[in-house]
Amino acid sequence: MNSEIYDYIIAGAGTAGCVLARRLSDQTDCRVLLLEAGPPADDFWIRTPAGMAKLFKSERYNWRFYTEPVPTMGDRRLYWPRGKTLGGCSAINGMVHFRGNRDDFDQWQRLGAAGWGWDDVLPYFKRSETNVRGAGLCHGGEGPLYVGDPSVTHPSVQDFVEAATRTGVPRVDVFSGLEHEGAGIVQVNIRDGIRQTAYDAFVTPVRSRSNLVVRTGVHVRRVVFDGRVATGVEVLEDGRIHTYKAQREVIISSGALGSPHLLMLSGIGDGESLQRHGVQTIAHVPGVGRNLQDHCSLRVQALCTPDSSYNQALNGWRKYWQGLRYVMTKKGYLALPSSSAAVFVKSRPDIAYADLEISFRPMTFTYKDSGRVDVDGYHAMGASVYRVRPASRGEVRLTSADPMQAPAFVPNYLAHPDDVQASLVGLRKLRAILDTEPMRSRVVAERVPGPDVQTDEQLIDFMRREGHCSFHPAGSCKMGVDDMAVVDASLKVYGVERLRVIDASIMPTVTSGNTNAPTVMIGEKGADLVLADRTAART
């Protein structure tokens, strides 16, 4: 096994890693190795959209991380699920497909990420997808990733969108990234009632290629260097430590939490911190692990009329009927994503484009200490709001030179006063939608945070007691040209050669909304950057 040599080694078979494996192995003379620490993803609950509740704290398919105590959130340690299987987080996420806003990417370019503006990245969004709405100016029709509409649209979902429009938000038929504000039904990565992971979309159709090797149960311990040139990876596999060699490049695609950790274990990061943990410094890149961002989610729950929620359909004997219906037809409530409708609004009129996302679902659930997520037994609807471009920044910190020891995750939610003020506006806008017809007739009473929570002080206290992550970490190996940048616009790691990071960690600022679709785009564009260097080297 020590003699195995590949052109490209990809550390991490999450969303971006699967895209890279597909696009690089399209070149028949490229030998590609895709490594994943978790197991294969052949599981009924991964395929079933509603199975995300079963996977929320799965020991087999989830890293089950926790943050450090967060001072701004009552010193709570917040749970951070991360996918640990082929497809990564696309195998356990809510399957909602948002690109972000076009101005997100133009902002990346203004921050020094040349070639990453909206006009540059749109072709990659389109190349990646087959949209059920058909190919057009903004959508693709021949890509590996299926983008569809929810199989069931509950009347409450339609009414939520209608109520939002009556508060002044424009109605959107399909979110493309061009909207400054908008309310509409979400699109999803569910095909014929089955979750479509990045592995399903990009790798499964080409799994038999002789030039693509996929290995699971392989924990990458560090990148191996000859001087400052990356030559391979050291791994723990089947209880043994050995090395795979890369003739061209090593690509780290371990996500916003895993990629900075692997860089630091490999000697790339803040030199003083690395030495403190006994790691020899290969390159002093102080931005590794810094600039961490995530959306701080605030959840609202309202008791409602019986016909306004499908909680009862997923309780008692009815849940078995829904299960049978899903098994037989791949339809029904088990075939739905985490949210069904979204509203993007501005917290202030002087903001260029929406900085708040409100999500809605005609059901509610409770997280049990055991790890179970149970649908509530009463009639209720749920919604959440978060600031899509948070000003607060956190970090990933090395805690040990032991690769099996998780780093420290410091999110710093709501540390910036602008995030607090915008979130206050978001909660009030969400309440205004629920208090507007036709939603007003469906709501019986607000349950969380409750009608007694009205003042700014009370709402801020609620945020700090009840706020949660949105499972959208990004930015910890940011792309750019400043002193804290980790990779350049070609996603090459500063200070070393033949090493790139290609995943959500390279985002200079997190995108407006769910991050899976932009991570697919990063994988698509990243693959072209890798192949462009290969072509240049051969000519």
Chemist: How long is the gap from OG on Ser297 to NE2 on His472, to the nearest 0.5 Å?
Modeler: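 The distance works out to 8.5 Å.
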
Chemist: Report the relative orientation of the aromatic rings in Trp63 and Phe65; use parallel for angles under 30°, tilted for 30 to 60°, perpendicular for over 60°.
Modeler: parallel

Chemist: Run the salt-bridge test on Arg389 and Asp103 with the 4.0 Å N-O cut-off and return the result as yes or no.
Modeler: no

Chemist: So, Arg22 and Glu524, do they make that salt bridge, N to O below 4.0 Å?
Modeler: no

Chemist: Identify whether NZ of Lys or CZ of Arg in Lys126 sits under 6.0 Å from the centre of the six-membered ring of Tyr124 and within 45° of that ring's axis.
Modeler: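 Negative - Lys126 is either too far from the ring of Tyr124 or too far off its axis.
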
Chemist: Aromatic ring centroids of Tyr326 and Tyr333 under 6.0 Å?
Modeler: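 No - the distance between ring centres of Tyr326 and Tyr333 does not fall below the 6.0 Å cut-off.
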
Chemist: Under the ring pair (Phe, Tyr, Trp, His ring centres under 6.0 Å) rule, collect the residues that match up with Trp116, sequence neighbours excluded.
Modeler: none

Chemist: Output the distance between atom NE2 (His97) and atom CD (Gln196), rounded to the nearest 0.5 Å.
Modeler: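 CD of Gln196 is found 10.5 Å from NE2 of His97.
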
Chemist: Tell me whether the rings of Phe125 and Trp118 are parallel (<30°), tilted (30 to 60°) or perpendicular (>60°).
Modeler: tilted

Chemist: Between atom CZ of Arg82 and atom NZ of Lys84, what is the distance when rounded to the nearest 0.5 Å?
Modeler: 14.0 Å

Chemist: Could you tell me whether Arg47 and Asp42 have a side-chain N and a carboxylate O separated by less than 4.0 Å?
Modeler: yes

Chemist: Glu129: which residues meet the salt bridge (charged side-chain N to carboxylate O under 4.0 Å, His left out) condition with it, sequence neighbours left out?
Modeler: Arg99

Chemist: Please say which of Thr216, Ile9, Val214 ends up in a side chain to side chain contact (heavy atoms under 4.5 Å, CB included) with Leu35.
Modeler: Ile9

Chemist: Got Pro390 and His416 here, is their nearest side-chain heavy-atom distance under 4.5 Å?
Modeler: no

Chemist: Mind checking whether Trp80 and Tyr413 have parallel, tilted or perpendicular rings, split at 30° and 60°?
Modeler: perpendicular

Chemist: Would Arg500 and Asp533 count as a salt bridge (Lys or Arg N to Asp or Glu O under 4.0 Å) here? Give the steps.
Modeler: CA-CA 12 Å; Arg500 300 191 208 224; Asp533 278 3; 2.7 Å; yes

Chemist: Is the positively charged end of Lys245 above the ring of Tyr6, judged by distance under 6.0 angstrom from the centroid and angle within 45° of the axis?
Modeler: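 Judged by the rule, Lys245 and Tyr6 form no cation-pi pair.
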
Chemist: Are Glu234 and Arg221 side-chain neighbours, meaning at least one heavy-atom pair lies under 4.5 Å?
Modeler: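 Yes, their side chains come closer than 4.5 Å.
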
